[in-house]
Amino acid sequence: MSIPSPAEQLRHFRKQQTQIVETIQQLVEIESPSDVKASVDRLGAVLASSFDDIGGKVSVHPAEKAGNQLQVDFKVAASNKQKPVLLLGHMDTVYPIGTISKMPCRVTKGRVWGPGVLDMKSGIALALHVMDALSKWTLSRPVTLLLVSDEEVGSTSSRAITERLAKGTSGVLVLEPAYGLQGAVKTARKGVADYTIKVTGKAAHSGLDFEEGQSAVLELAKQICEISELVDLKRGITLNVGKVSGGTRVNVVPAEATLLLDLRVATPKDGVRVERKLLGLKPFNRKCKVEVSGGFNRPPMERTAGVASLYGRAREIAAELGLNLKEAAVGGGSDGNFTAALGIPTLDGLGGVGEGAHADHESVVIAELPRRAALLAGLIQRA
């Protein structure tokens, strides 16, 4: 069967809208928190069966602690020498087991609601229905789909697989949700780093031997002020001290204090510069010791020429569908950061349109699903 025009593809996916919604509901109702391997693997097994049913070749990459990673390859004739496109997504969510009973999946007010519906089970459902359609229409190029199990917790077990598969592709299409209700795709993301800063002082009775103590809490407070001076909003540099702990009792000069720090940067150069300053922090009180550990878990996704070119093709396809596709640079990271840092053209935010990711009002707009499916189908064919 020949490949339909973009307008015809959109009409097809509009007819499939109810089935897409049903798929989303099925996936949302299978809870899959990052830290429960059995639950993520249960979802992976369901998805493996679904993709096998539409002709995909399923491979499972076992993981010891995290859920297994799911790879699905869609082949074309041997005479077709085009590089594959990589569709990239994740099965895990931030919601603990039992959330579905308090936040049930439901369809109302033109949306699908539920834990993980936007981030990113709607994106997985779109990939399933798009690949089903493209396989029936005659796939014009090879496609590899990778669904990882630990994106929400840093992708420690899956990163190497993601990078290896990406290196052999012409481009990466990331199934994360669109930016905002206008459905913008993401052409830049900040790099993300996490640090632990520990201060060791000297304990003493705060009444009897106050002068003998060296307060780790006081030293850490001064370090927080020092760290805050590194924030540069114009350059896209933010540092957030998200958690602070220290001390034992009110009448004891605290001997230990610790903070957890989140760093976001827009460019690798700024990442190197700020990290050097953090690792070089010196104590204000020479009788205290400051230790810094941690580092980057995701490099920045920059808007390179390759990313811009892929976005340009997406805009052309969107225009054929009657859409004005916008782009956005965002502060959060995704696995697209890894592939973009390798120099592979990467376009993010091709999943569902909605709001409330990681919150109790998480939802996806049903009317946008056919348009997102048609956009994704077009990009797979032209990326």
Q | Lys/Arg-Asp/Glu bridge criterion (N-O < 4.0 Å) met for Lys202, Glu256 | A | no
Q.
With side chain to side chain donor-acceptor pair (under 3.5 Å) as the test, pick out the partner of Glu327 among Arg303, Arg315, Lys186.
A. Arg303
Q | Main-chain N/O of Ser5 paired to Glu8 side chain as donor or acceptor, under 3.5 Å | A | yes
**Q.** Main-chain N/O of Asn240 paired with Asp262 side-chain donor or acceptor, under 3.5 Å
**A.** no
Q) Is the number of heavy atoms from other residues, nucleotides or ligands within 6.0 Å of CZ (Arg286) greater than 12? A) no
Q.
For the backbone of Leu263 and the side chain of Asp194, can you confirm whether one donor and one acceptor N or O come within less than 3.5 Å of each other?
A. no
**Q.** side-chain contact (heavy atoms from CB on, under 4.5 Å) between Arg189 and Ser334, worked out
**A.** CA-CA 8 Å; Arg189 285 182 177 271; Ser334 83; 3.3 Å; yes
Q: Could you check Leu27 against Met91 for side-chain contact (heavy atoms from CB on, under 4.5 Å), going step by step and ending with a plain yes or no?
A: CA-CA 9 Å; Leu27 301 183; Met91 298 177 285; over 6 Å; no
Q | Linked, directly or transitively: Phe74 and Leu47 (ILVMFWY side chains, under 4.5 Å) | A | yes
Q.
I'd like to know if the side chain of Asp150 reaches the main chain of Thr156, judged simply by a donor and an acceptor atom lying under 3.5 Å from each other, with no hydrogens or angles considered.
A. yes
Q: May I ask you to decide if Pro142's main-chain N or O and Lys75's side chain share a donor-acceptor pair within less than 3.5 Å?
A: no
Q: Scan side-chain atoms only and decide if Glu151 and Ser158 contain a donor-acceptor pair under the 3.5 Å cut-off.
A: no
**Q.** Salt-bridge present (Arg159, Glu163; N to O < 4.0 Å)
**A.** yes
Q: Test side chain to side chain donor-acceptor pair (under 3.5 Å) on Ser140 and Gln381 and set out the steps.
A: CA-CA 6 Å; Ser140 62; Gln381 296 166 74; 5.0 Å; no
Q: Check the pair Arg382 / Glu320 against salt bridge (Lys or Arg N to Asp or Glu O under 4.0 Å), numbers first and verdict last.
A: CA-CA 13 Å; Arg382 302 189 205 177; Glu320 294 172 12; 2.7 Å; yes
Q. Does a side chain donor of either Lys37 or Asn68 reach within less than 3.5 Å of an acceptor in the other side chain?
A. yes
Q: Under the side chain to side chain donor-acceptor pair (under 3.5 Å) rule, what do Ser149 and Asp92 come out as? Steps first, then yes or no, please.
A: CA-CA 5 Å; Ser149 65; Asp92 60 320; over 6 Å; no
Q.
Can you tell whether the side chains of Glu316 and Arg313 come within less than 4.0 Å, N to carboxylate O?
A. no
Q | Glu31/Arg42 ion pair, N-O < 4.0 Å | A | no
Q: Begin with the C-alpha distance, continue with both residues' side-chain angles, and end with the deciding distance and a verdict on side chain to side chain donor-acceptor pair (under 3.5 Å) for Arg235 and Thr267.
A: CA-CA 9 Å; Arg235 297 183 65 88; Thr267 69; 5.1 Å; no
Q: Could you tell me whether Lys121 and Glu29 make a salt bridge, using a distance below 4.0 angstrom between a side-chain N and a carboxylate O?
A: no
Q. In this structure, which one of Thr346, Asp348, Thr162 forms a side chain to side chain donor-acceptor pair (under 3.5 Å) with Thr339?
A. Thr346
